[in-house]
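Below is one structure; the comments refer to it alone.
Since we're looking at a predicted model, the values are computed, not measured. Every chain is numbered from 1, with letters handed out A, B, ... down the list of sequences.
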Amino acid sequence: MASENSVTETGNNFVRDIIRADLEAKRHSEIVTRFPPEPNGYLHIGHAKSICLNFGLAQEFQGRCHLRFDDTNPTKEEQEYIDAIERDVRWLGFDWGSHLYYASDYFEQIYAWAEYLIQAGKAYVDDSSIEEIREMRGSLTEPGRNSPFRDRSADESLDLFRRMRAGEFPNASRVLRAKIDMSAGNINLRDPVLYRILHAEHPRTGTRWCIYPTYDFAHGQSDAIEGITHSICTLEFEDHRPLYDWFIENLPVPARPRQYEFARLNLDYTVLSKRVLTELVRQGHVSGWNDPRMPTLAGLRRRGVPAAALRDFVRRVGVARANSQVDVSMFDFSIREVLNKTALRRMAVLRPLKVVIENYPADGSEDLEAINNPDDPAAGTRRIRFGREIYVERDDFMENPPKQFFRLSPGREVRLRYAYFITCREVIKDAQGEVVELRCSYDPETRGGNAPDGRKVKATLHWVAAAESIPAEIRLYDHLFCRPDPGAAGDVFADLNPASLEVLSGCRLEPILAEAKAEEPVQFERLGYFCRDTGSESLVFNRTVGLRDSYAKTQQTV
RNA sequence: UGGGGCGUAGCCAAGCGGUAAGGCAGCGGGUUUUGAUCCCGUCAUCCCAGGUUCGAAUCCUGGCGCCCCAGCCA
């Protein structure tokens, strides 16, 4: 049973089965997971899957989930990213309590373990160059060869390693390697690098260190230090598991964590590669990490996607070991699902077409009552102003309509939502023949939207009063990329959708929208879900997602 | 001619030897002052081929296909 007020729900999956079995077998008294981002970019929807899984599992089994920054590479990591990641995880709805950690907190311990391996004859300092190491590693089909430095004494390695730490050597001049098996089929076992020299300032440890452990030498040990029971990561780390286990088994670590892998999320028309996302920002293809077209949590948030929708989506997608590519319609569904229940309804006209109601009093106007959310009576009602001159959507009028079109056209009667039935009497065009105004009549008997004589209309249009409505800019977003598998043909950037952003100015909104707050979802009736843009001085709205539109669908096939 | 995974409907995904859950999309219909929502209905024999079994998506054998790995990235 999915409870709406719970963010625990992770759905059924194999990791959960494993945890359940472990708990039943009393292998752990408590389960501890962790979300371990590297602070070298912003979190995206793929990370949301991992966050929901890790935090969700911890909540479900009453354990805990740590937020641990995997900050072992100072050349790529920044404080800005650390701050953004914390903000985004919190926004998504999760709380790590006091369990905020950094792999860099463990540098001293990890270093000590490196010396331990050297002394045990299981690690050595290699003076080979990057190229030599690569060359000696062999290939996918050929075994590697031992480094000429592999058999030097533990004492010599220890001395060299201490001098590496002391800063005696330049970058890339030496590394510390584990002594495992250069002929292993699994390349990760061919004497992996444990430490490299990096004279770089670290966002946390400053210049205290000039050697840094690699991911492989830091991750599992960090898990052990924190007492992580289930270290959940993505499939590409599967080959690293034997190495993860090797360190756990060969080091006097305080616990025995286990690594489990699941398939990362892939979404149609979306890129979830940090490298590419960073480039999009750096090259200015988007306005920043929080550009509403970005799949980042910051971008989605600015676009108006609620955290609850992300959680719902992730739950629906599930967790498995098979690579998959999820259809965006599933994400759109989750967004609408949440927004339909929460967004206040408003009226806004994106492309205004003036309508003059000829038989309405010239200086008259009146207030009508409109419902804020038909699915939530508690949301109440509001007054909307009606007058002789209004705006309707240009798309809601056609001079020569096809059979399927039942909105406004010459001679046809339609309903103005919450107002009156109107009938189009005359079409006014400019010199170029473009329709610039409609002259209509209204039926005073239909106030509120119902005809006493019971006659029906086939369409209800949204509208705003010309005089009282306020102007605004509205930004419509489309996929950032124009093919479902960006980059599959070569250059990802060549697949950028040139029409991913459409800016509409001169839109007209009902006045109450002037008070809208960023991130507060509203539904512009018959159009979609929108939210006010963050950071814009003037009135700007972003379209989060459109409403389902079965009419548009029929038009595509005709 | 290396190692590690995966293969159930257009897209996700349950299933763990007993006769194919669920969701998204699609299609058909009903309700409707949003062509929205909501509600009904419809939509697969499980990569292929053998085998074991009373019975197989589930077990065995052999194929085929796809993904990951040769950073001093994570």
Compare the minimum distances between each of [options] and the side chain of [X], then state the nucleotide with the smallest one.
X	options	result
A:E337	B:C12, B:C38, B:U34	B:C38
A:A172	B:C72, B:A70, B:G23	B:C72
A:D327	B:G10, B:A14, B:C12	B:G10
A:L547	B:C69, B:A36, B:G23	B:A36

### Task
Answer yes or no on whether A:R417 is positioned over the face of A:W463, meaning its NZ or CZ is under 6.0 Å from the six-membered ring centre and within 45° of the axis.
no
### Message
Ring of A:F149, cation from A:R174 - is the NZ or CZ under 6.0 Å from the centre and inside 45° of the axis?
### Response
no
I need the [atom1]-[atom2] distance between [X] and [N], as an integer number of Å.
X	N	atom1	atom2	result
A:D17	B:A14	CG	P	9 Å
A:D70	B:A74	CG	P	8 Å
A:N12	B:A21	CG	C1'	11 Å
A:N323	B:C69	CG	P	11 Å
A:E238	B:C68	CD	C1'	8 Å
A:D332	B:G23	CG	P	19 Å
A:E38	B:C73	CD	P	10 Å
A:Q325	B:C6	CD	C1'	16 Å

### Message
Mind checking if A:S329 touches a base, just sugar-phosphate, or nothing, with heavy atoms under 4.0 Å?
### Response
sugar-phosphate
### Evaluation steps, ring pair (Phe, Tyr, Trp, His ring centres under 6.0 Å), between A:Y215 and A:H219
CA-CA 6 Å; A:Y215 163 84; A:H219 201 90; 4.9 Å; yes
### Message
Counting only Watson-Crick pairs (N1-N3 plus N6-O4 or O6-N4) and G-U wobbles (N1-O2, O6-N3), all under 3.5 Å, who is the partner of B:C64?
### Response
B:G7
## Note on the structure
Re B:A14: Watson-Crick or G-U wobble partner, both distances kept under 3.5 Å, found to be none
### Query
Are A:Q259 and A:E261 close enough that a side-chain donor and a side-chain acceptor fall under 3.5 Å?
yes
